[in-house]
Amino acid sequence: MHQETSPEPKHPPTLRKCVALLRSFPSFSALKRIHAHSLRTGVPISHPHFAKHLIFTLISFLPSLPTMPYALSIFSQIHSPDVFTFNTIIRGFSQSPNPSPALSIHRRMLASSTPADTHTYPFLLKACAKLMALREGEKLHCRSFKDGFESSVFVQNTLVHFYAACGLFENAHHVFERMPERNLVTWNSVINGFALNGRPNEALTLFREMMFEDECVEPDGFTMVSLLTACAELGALALGRRVHVFLFKKGLDFNAHVENSLIDLYAKCGRIDDAYKVFVDMCESRNVVSWTSLIVGLAMNGFGNEALEFFAVMEQERLVPTEITMVGVLYACSHCGLVDDGYRYFNRLQQQYNIVPKIEHYGCMVDLLGRAGLVEEAHNYIITMPMAPNAVVWRTLLGACAMHKTLALGEVAWAKLSELDPGHSGDYVLLSNLYASVGRWADVHKLRRNMLKSGVRKKPGHSLVELGNRVYEFVMGDISHPQSDSIYEMLEEIAVKLRLQGYIPRTTNVLADIEEEEKENALNYHSERLAIAFALMNTSPGMPIRIVKNLRVCADCHLVTKLISKIYDREITVRDRSRFHHFRDGSCSCKDYW
DNA sequence: TTAGGGTTAG
């Protein structure tokens with residue numbers, strides 16, 4: 001390969017010393033000294049004898065400075081960078097918030113016929129994983145094989161991570177299965193791949209496999225975080241507690257990531273007291289993620305005011321909130337109907353914390369206004385937003401319109417959604433509920449026909465309930481469970497008791513009829529009712545019941561669950577797609593406002 | 001003188 005043959009610089013050793021100094025005391029002033037020295041001696045900063053050291057030092061030791069544009073400007077002046085220099089600059093970008101230049105630098109590397117080494121592909125695949133650049137990553141997958149890296153455990157591990165990050169956990173698993181050699185990182189990558197892609201049961205199964213089949217690996221903090229994420233997703237409290245005991249025994253509890261995951265686990269299982277206990281025990285290791293997890297957990301569980309109080313304490317402790325913390329704070333305002341507070345926090349987001357509000361923050365404001373019944377104001381907010389509103393924002397407005405029976409604006413939102421995200425079944429459900437709530441039955445039926453004609457199918461609802469060491473899943477009209485007959489008998493018994501309490505079904509959620517027609521028989525029970533019946537049958541009287549649902553609770557099920565909590569004297573917690581409902585003695589913690 | 005995996009929202 002052609003090597004640069006520029007003359008030896010006048011004082012490279014002194015400049016090298018400067019770079020060494022920069023490494024020991026990373027600072028702007030050290031960087032300035034290098035520049036001053038370069039100007040004084042006439043040796044360009046990009047001279048190959050030290051440019052690569054400078055780039056390496058910048059990327060490794062000064063990540064908080066606006067390093068990458070500067071490193072890139074030096075890099076682009078190097079005539080023939082070697083593989084180490086290419087790797088370094090690619091690494092820098094793969095670690096930065098915007099890794100896409102890593103891929104263009106790789107193209108330059110290919111054009112210059114510099115062969116990749118075992119370090120190059122992991123950096124590049126990490127960049128692709130961050131960007132979710134599937135096609136680029138797949139090309140790298142092929143290229144890495146051609147270059148003879150199919151047995152490199154580093155490259156293969158990053159491939160597992162890459163496919164999982166792109167949502168293709170099956171591809172990730174395929175790479176994993178073909179690996180001749182695996183280590184802890186391999187297992188963690190594949191377990192996390194399943195945990196992140198809504199397959200928590202598979203994640204837990206793989207963990208068992210790892211423990212039984214691979215004697216060479218011992219789980220670490222990364223493994224625990226993945227398992228806790230999976231348990232939190234499932235709402236599997238008992239299983240999560242077992243993981244907690246396990247990691248405590250293994251001494252993995254002094255790890256901020258693990259402890260933060262524990263806060264999230266307990267909050268997502270509706271056990272905010274336990275979440276708080278972990279938070280209190282953290283002391284030294286507590287960070288902004290811990291606070292954010294607790295604030296979000298409190299808000300989700302219906303303790304909006306407490307969430308805001310904790311936010312105030314966090315500020316007193318001079319911790320700087322992140323944009324996610326602020327989503328949690330706005331979410332808390334929204335679920336408590338605190339409109340003025342919401343506006344105040346939104347303003348402070350920019351003024352005090354210098355956070356550029358993202359579409360999620362604007363979405364929270366639309367939700368806040370919409371929930372509070374200020375639907376017109378919510379619409380004005382959307383049309384004056386500084387960025388183009390996305391489908392989520394319009395959907396939020398449609399939801400608010402359905403809640404407050406505001407037909408005209410609901411149809412405006414629907415029109416936007418038909419352009420931005422046509423065929424989204426949840427939007428049909430919302431619009432249908434809206435039509436039904438104002439008695440426009442002809443429109444309900446027309447919408448249903450359109451939905452069937454265009455092949456849009458309602459997303460199947462499912463509910464999870466944990467019993468013993470297992471998590472049981474129920475879908476609507478489920479007859480697959482071994483106890484199915486008794487479950488339906490139990491539902492009959494419940495129906496009789498409900499009627500005695502004066503229950504009249506709320507039929508506004510008429511899209512449920514679609515399933516009724518499809519099923520031919522009357523097994524149109526919503527999944528949470530099957531789960532509740534199953535739990536009532538299999539747990540001792542007085543024991544609390546916890547259900548996790550993938551969709552929102554419908555008005556009828558909400559009413560039924562309230563009544564069941566009274567009739568059977570049970571505390572029932574339902575985590576739906578966006579929040580918790582704690583039912584007790586005939587009422588719900590959401591105060592019927594969800 | 002370089003390599004791979006983690007937590008919070010939607």
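If you're wondering where the values come from, they're calculated on a predicted model, not measured in any experiment. The sequence lines fix the lettering, A, B, ..., with proteins before strands; numbering per chain opens at 1.
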Q) Any Lys/Arg nitrogen of A:D427 or A:R395 sitting under 4.0 Å from an Asp/Glu carboxylate oxygen of the other? A)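 Yes, A:D427 and A:R395 are salt-bridged.
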
Could you tell me the separation between the [atom1] atom of [X] and the [atom2] atom of [N], rounded to a whole number of Å?
X	N	atom1	atom2	value
A:L262	B:dT8	CG	C1'	14 Å
A:E360	B:dA9	CD	C1'	7 Å
A:K268	B:dG10	NZ	C1'	11 Å
A:K130	B:dG4	NZ	C1'	14 Å
A:N157	B:dG6	CG	C1'	15 Å
A:L54	B:dT2	CG	P	17 Å
A:M300	B:dT8	CE	P	11 Å
A:D82	B:dT1	CG	C1'	10 Å

Need one value for [X]: base, sugar-phosphate or nothing, where a base atom within 4.0 Å counts as base even if backbone is also close, heavy atoms only.
X	result
A:L196	sugar-phosphate
A:D220	base
A:N192	sugar-phosphate
A:Y121	nothing
A:V190	nothing
A:S226	nothing
A:G221	base
A:V153	base
A:T88	nothing

Legend entry - Short side-chain N/O contact from A:K126 to OP1 or OP2 of B:dG4, under 4.0 Å: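 True: A:K126 side-chain N/O within range (under 4.0 Å) of B:dG4 OP1/OP2.
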
Which nucleotide in [options] has an atom nearest any side-chain atom of [X]:
X	options	answer
A:V185	B:dA3, B:dA9, B:dG4	B:dG4
A:V392	B:dT2, B:dT1, B:dG10	B:dG10
A:V327	B:dT8, B:dA3, B:dA9	B:dA9
A:S293	B:dT2, B:dT8, B:dT7	B:dT8
A:H119	B:dA9, B:dA3, B:dG4	B:dA3
A:F123	B:dG6, B:dG10, B:dG4	B:dG4
A:D264	B:dG4, B:dT8, B:dT2	B:dT8
A:H257	B:dG6, B:dG4, B:dT8	B:dG6
A:V225	B:dG6, B:dT8, B:dG4	B:dG6
A:K52	B:dA9, B:dA3, B:dT1	B:dT1

Looking only at side-chain N and O atoms, does [Y] offer a donor or acceptor that is under 3.5 Å from a partner on [X]?
X	Y	result
A:S290	A:N260	yes
A:T186	A:N157	yes
A:E181	A:S151	no
A:R108	A:T114	no

ring centroid sep under 5.5 Å plus plane angle under 30, A:F154 with B:dA3: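 Yes; by the centre-distance and plane-angle rule, A:F154 counts as stacking on B:dA3.
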
Quiz prompt | Approximate separation, where rounding is to 0.5 Å, of A:Y163 OH and A:H173 NE2 | solution =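 Answer for the OH-NE2 pair, A:Y163 versus A:H173, is 15.0 Å.
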
Under 3.5 Å, is there any donor-acceptor pair linking the side chain of A:N183 to the base of B:dG4?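 A donor-acceptor contact between them is present.
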
Can you find an N or O donor on one side and an acceptor on the other, under 3.5 Å apart, linking the side chain of A:N260 with the base of B:dG6?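 No, no donor-acceptor pair under 3.5 Å.
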
Can you confirm whether A:Y353 is buried at OH, in the sense that more than 12 heavy atoms of other residues, nucleotides or ligands lie under 6.0 Å from that atom?
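Atom OH in A:Y353 is crowded, with more than 12 foreign heavy atoms closer than 6.0 Å.
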
